[in-house]
Peer 1: 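This is the structure, below, for whatever I ask next.
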Amino acid sequence: MTISQNLGFPRIGERRELKKATEAYWKGDLDYAGLEATGAELRRANWAKQKAAGIDLIPSNDFSFYDQVLGLSCLIGNVPSRFGWDGQAMNIDVAFDMARGTDDAIACEMTKWFDTNYHYIVPEFTRDTTFGLVGTKIFDEFAEAKAQGIVTKPVIVGPATYLTLGKVTDGSDLNKFDLADELIAIYVQIAERLAEQGAEWLQIDEPIFSLDLNDAQREVVRKAYDALAGVAGIKIMVANYFGALADNRELFVSLPVAALHIDGVRGVEEVEAVAARLSDDKLLSVGIVDGRNIWKTDLTRALDRLQPVLGELGSERLIVAPSCSLLHCPVTLRSEHKLDDELLNWLAFAEEKLDEIVFLARAANGKVDKDMLAANAAAMVDRANSTRIHDSAVKNRVANTGAADYKRFSAYPERAEKQQAKLDLPAFPTTTIGSFPQTAQVRKARAAHKRGDMNDADYDAFLEAQIAEAVTMQEAMGFDMLVHGEFERNDMVEYFGEQLAGYAFTKFGWVQSYGTRYVKPPIIFGDVSRPEPMTVKWSKYAQSLTDKPMKGMLTGPVTMVQWAFVRDDQPRSETVKQVALAIRDEVCDLEAAGLAAIQIDEAAFREGLPLRRSEWAEYLDWASASFRLTAGGVADDTQVHTHMCYSEFNDIIEAIAAMDADCISIETSRSQMELLDAFVKFRYPNEIGPGVYDIHSPRVPAKAEMIALLEKATEVLPPERIWVNPDCGLKTRGWAEVRPALEHMVDAARELRQRQAA
């Protein structure tokens with residue numbers, strides 16, 4: 001009979017319990033026993049929810065206090081030497097040191113998990129790298145669930161994916177895939193030990209099957225699963241997700257394992273082909289429920305899509321699943337009283353998706369819940385016919401945009417001269433990415449205002465005081481281009497989405513971005529427009545306090561869409577154009593209000609890149625064009641900035657140049673300026689702000705560190721085009737660390753100016 005499974009469940013808790021406990025532990029307000037107690041309760045609740053829903057294969061080891069890739073590094077003892085680990089028993093503090101850095105060691109690099117807004121800690125490899133099974137987490141959590149009466153399916157990132165995601169950091173000519181044999185031996189040990197514990201299944205995630213694979217990666221795959229096939233007493237399931245298999249299909253279906261999982265949402269066109277090529281001894285898990293979006297599954301359509309698979313395999317070889325881990329969805333709709341009933345009826349979060357998975361598995365066995373099917377069909381019709389989705393004025397405006405709307409009046413060299421004449425900036429101008437610490441006082445005031453406990457006048461006065469203090473601080477430190485601090489903003493996407501038509505917001509719809517950084521993505525359900533100005537009031541006020549240039553701060557259209565749960569009834573590119581025009585209106589209003597510089601952040605630009613290179617050109621064309629559409633309405637002497645964080649740029653540098661921003665700021669401190677290589681090789685023509693201060697770590701870098709990074713930058717970039725700034729916004733940091741770090745940064749810039757003048 002067809003069974004159901006889940007690939008992973010949100011670990012954060014319905015009320016962000018994991019965040020609160022972890023941050024309390026970091027502050028010393030909670031001991032390890034208390035932290036682990038919170039983790040244990042979250043795991044217990046998650047397993048119980050899935051069991052109650054009727055899921056047959058329930059995952060374990062999908063829980064993490066920070067990140068599952070980091071967890072794997074700790075499990076196999078891959079800890080960089082700079083953290084001083086003694087090589088003995090693993091503990092949570094080693095993981096936190098790797099993720100956050102220490103006084104003596106910079107944190108490991110962090111980047112996006114494929115094309116999601118979830119971040120992982122990048123594994124590091126050197127000539128001295130060895131692996132050993134030093135951690136016990138995967139075994140402990142299996143035993144923990146078993147003691148609660150649930151025999152789970154442990155989950156682990158696969159060896160080919162782990163090696164692919166890691167990087168060689170010692171400057172050697174090491175081929176990281178040469179580490180495969182030793183790593184695969186560890187996976188065999190893991191499978192053997194789980195079999196001894198009584199595990200029936202082991203899920204190994206290999207999402208690299210959605211990428212363009214080279215011969216080395218393919219060889220690691222073959223070696224790994226040939227070796228694992230020899231482990232008795234446990235069934236291996238290899239899971240691919242985030243895209244279609246395409247030219248990796250034959251390799252995937254040939255793996256000598258008990259079951260394969262495919263993404264039946266993003267790879268829907270190949271489900272039947274995979275089923276047809278599957279040998280008789282394998283089960284196929286079809287991810288038919290979207291694990292990355294929050295719309296209800298059209299159950300009638302899903303059943304229709306499963307019928308050919310059932311015909312090919314029979315019900316006994318089919319597993320119904322989400323397309324990927326439900327990590328990327330909020331936990332539950334149960335407490336979402338803020339959403340109106342109509343919109344609520346269109347949605348399914350992680351808990352509700354469990355019900356959809358179980359419904360489809362049971363329906364495949366001939367047990368159709370007719371009431372649930374009828375209610376689902378009614379919701380599909382209601383959404384399709386709702387008048388709140390479509391706005392003819394928005395659609396007409398997009399249709400009527402022309403070539404002139406997508407470009408600045410003059411080329412960059414001419415603009416740069418006009419901007420310098422207007423701004424009169426020194427060499428190595430200093431600025432920040434936009435946000436300053438969101439203190440408890442700021443969050444408390446915002447919450448009070450939302451509740452109605454603080455009136456508009458008092459809240460405005462509070463914000464003005466925060467802005468004035470930030471402006472005074474920046475002037476005292478000697479910043480060259482100031483920001484207002486964004487104290488009025490809860491999130492760089494949510495703040496804008498709350499003021500745009502076509503967006504809706506949840507109250508508890510949190511998802512994890514990295515570590516304890518959780519975001520609450522908006523829901524784009526309809527056509528997008530800007531009813532009125534969104535930021536002009538605060539930027540104009542901030543500019544009135546100083547004679548120095550003030551940057552207006554906006555979020556770009558790709559990021560506004562990529563970091564949202566997006567409507568699936570029209571192409572994403574169409575939605576991005578609508579958002580671009582809405583942000584364009586704000587850009588023009590900021591310029592009219594006297595702002596000489598405007599930053600349009602596109603932190604998610606690379607994140608939106610399709611996983612297959614053959615699909616890149618189309619995406620990069622409309623993504624770059626959307627930025628130009630956003631910025632195309634301002635005068636030459638208005639300086640347009642953008643910011644991108646934690647991305648590899650080598651393979652998309654031409655598209656970044658095509659955005660035609662006057663200045664781009666990027667993360668480079670963790671990579672020791674390595675990410676500048678793309679801009680150097682391409683000879684990027686505009687200005688660059690390579691980040692010299694890692695804001696994702698609590699450590700305060702010394703001035704000498706920042707000078708060393710800037711010196712590296714000057715070796716490869718013209719000094720007159722270099723800005724000095726942190727890696728990213730400072731919202732998540734505390735003032736105690738931010739003030740001295742910024743002082744060091746400004747001092748570093750001054751010293752470089754003096755050297756240049758000499």
Side-chain angles (χ1 to χ4, degrees), residues 4-12 46 50 53 55 57-64 67-69 71-72 112-120 153-158 160-162 164-165 201-211 237-246 248 252 259-271 274 284-297 302 305 319-331 348-354 356-358 360-361 511-514 521 562-563 565-566 568 607-612:
S4 60
Q5 75 157 336
N6 187 22
L7 273 62
F9 199 77
R11 58 185 68 130
I12 63 178
N46 287 351
Q50 293 172 82
I55 296 293
L57 298 181
I58 298 171
S60 62
N61 199 46
D62 54 335
F63 177 87
S64 173
D67 156 51
Q68 72 269 20
V69 180
L72 175 54
K112 302 289 180 73
W113 175 246
F114 294 83
D115 60 346
T116 74
N117 187 34
Y118 178 80
H119 300 64
Y120 68 93
K153 172 196 56 170
V155 178
I156 191 170
V157 174
T161 295
Y162 183 77
T164 297
L165 297 181
W201 285 93
L202 171 60
Q203 174 187 319
I204 304 182
D205 288 353
E206 294 280 19
I208 61 163
F209 274 101
S210 289
L211 305 179
M237 177 185 297
V238 178
N240 181 62
Y241 42 77
F242 297 154
L245 296 162
N248 299 321
F252 188 71
L260 298 169
H261 170 84
I262 58 174
D263 189 330
V265 175
R266 290 193 166 192
V268 62
E269 72 285 346
E270 67 177 9
V271 172
V274 173
L284 181 63
S285 170
V286 179
I288 197 71
V289 171
D290 194 345
R292 290 186 53 172
N293 215 330
I294 45 69
W295 305 106
K296 276 184 175 177
T297 302
R305 287 175 172 170
I319 303 173
V320 177
S323 59
C324 60
S325 170
L326 298 178
L327 167 72
H328 308 287
C329 289
V331 177
F349 289 177
E351 285 190 15
E352 292 75 31
K353 289 180 186 294
L354 297 177
E356 293 180 341
I357 294 163
V358 171
L360 291 168
V511 294
Q512 186 178 27
S513 178
Y514 65 85
Q562 189 67 23
W563 289 357
F565 293 120
V566 189
D568 55 1
E607 177 188 313
L609 193 69
L611 298 180
R612 293 284 182 168

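Since the structure is predicted, the reported quantities are computational estimates derived from the model, not experimental observations.
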Peer 1: Taking Pro322's backbone N and O only, do any of them form a donor-acceptor pair with Asn6's side chain (distance below 3.5 Å, no angle check)?
Peer 2: no
Peer 1: Would a line drawn from the ring center of Tyr241 to the ring center of His328 be shorter than 6.0 Å?
Peer 2: no
Peer 1: Between His119 and Gln512 (side chain of the first, backbone of the second, donor and acceptor by atom type, cut-off under 3.5 Å), is there such a pair?
Peer 2: no
Peer 1: Any side-chain heavy atom of Val511 within less than 4.5 Å of one from Phe565?
Peer 2: yes
Peer 1: Arg305: which residues meet the side-chain hydrogen bond (donor to acceptor under 3.5 Å, both in side chains) condition with it, sequence neighbours left out?
Peer 2: none
Peer 1: Below 4.5 Å, heavy atoms only, C-beta onward: do Glu607 and Trp113 meet side chain to side chain?
Peer 2: no
Peer 1: Under the rule for side chain to side chain contact (heavy atoms under 4.5 Å, CB included), what residues qualify as partners of Ala302, not counting sequence neighbours?
Peer 2: Ile288, Thr297, Leu360
Peer 1: Would you call Arg266 and Asp115 a salt bridge, using N to O less than 4.0 angstrom?
Peer 2: yes
Peer 1: Using side-chain heavy atoms (C-beta onward) and a distance below 4.5 Å, is Leu354 in contact with Leu326?
Peer 2: yes
Peer 1: Where is the tightest heavy-atom contact between Thr116 and Phe242, given as atom of each residue plus distance?
Peer 2: CG2-CZ, 3.8 Å
Peer 1: To the closest 0.5 Å, what do you measure between CD (Gln5) and NE2 (His261)?
Peer 2: 7.0 Å
Peer 1: Are the side chains of Asn117 and Gln562 in contact, using a 4.5 Å heavy-atom criterion?
Peer 2: no
Peer 1: Are the side chain of Ser210 and the backbone N or O of Gly243 linked by a donor-acceptor pair below 3.5 Å?
Peer 2: yes
Peer 1: Please round to the nearest 0.5 Å and tell me the distance separating atom OG of Ser323 and atom CD1 of Ile262.
Peer 2: 11.5 Å
Peer 1: To the closest 0.5 Å, what do you measure between CD1 (Ile319) and CG (Leu260)?
Peer 2: 9.5 Å
Peer 1: Just by modelled atom types, is the Leu245 backbone N or O under 3.5 Å from a matching donor or acceptor in the Glu270 side chain?
Peer 2: yes
Peer 1: For the side chain of Asn46 and the backbone of Pro10, is there at least one donor-acceptor N/O pair under 3.5 Å apart?
Peer 2: yes
Peer 1: Does the side chain of Leu611 come within less than 4.5 Å of Phe114's, by heavy atoms?
Peer 2: yes
Peer 1: Closer than 3.5 angstrom, by distance alone: can the side chain of Asn61 be matched with the main-chain N or O of Val155 as a donor-acceptor pair?
Peer 2: yes
Peer 1: May I ask you to test the Asp67-Tyr514 pair for a side-chain heavy-atom distance under 4.5 Å?
Peer 2: no
Peer 1: State, to 0.1 Å, how close Arg11 and Ser64 come at their nearest heavy-atom pair, and which atoms those are.
Peer 2: CD-O, 3.1 Å
Peer 1: Does Thr161 reach the side chain of Phe209, with side-chain heavy atoms less than 4.5 Å apart?
Peer 2: no
Peer 1: Does the Glu206 side chain pair with the main chain of Asn240, one donor and one acceptor, at a distance under 3.5 Å?
Peer 2: no
Peer 1: Is Asp62 close to Gln203 at the side-chain level, that is, under 4.5 Å between some pair of heavy atoms?
Peer 2: no
Peer 1: So does Cys329 get a backbone contact from the side chain of Arg292, meaning a donor-acceptor N/O pair under 3.5 Å?
Peer 2: no
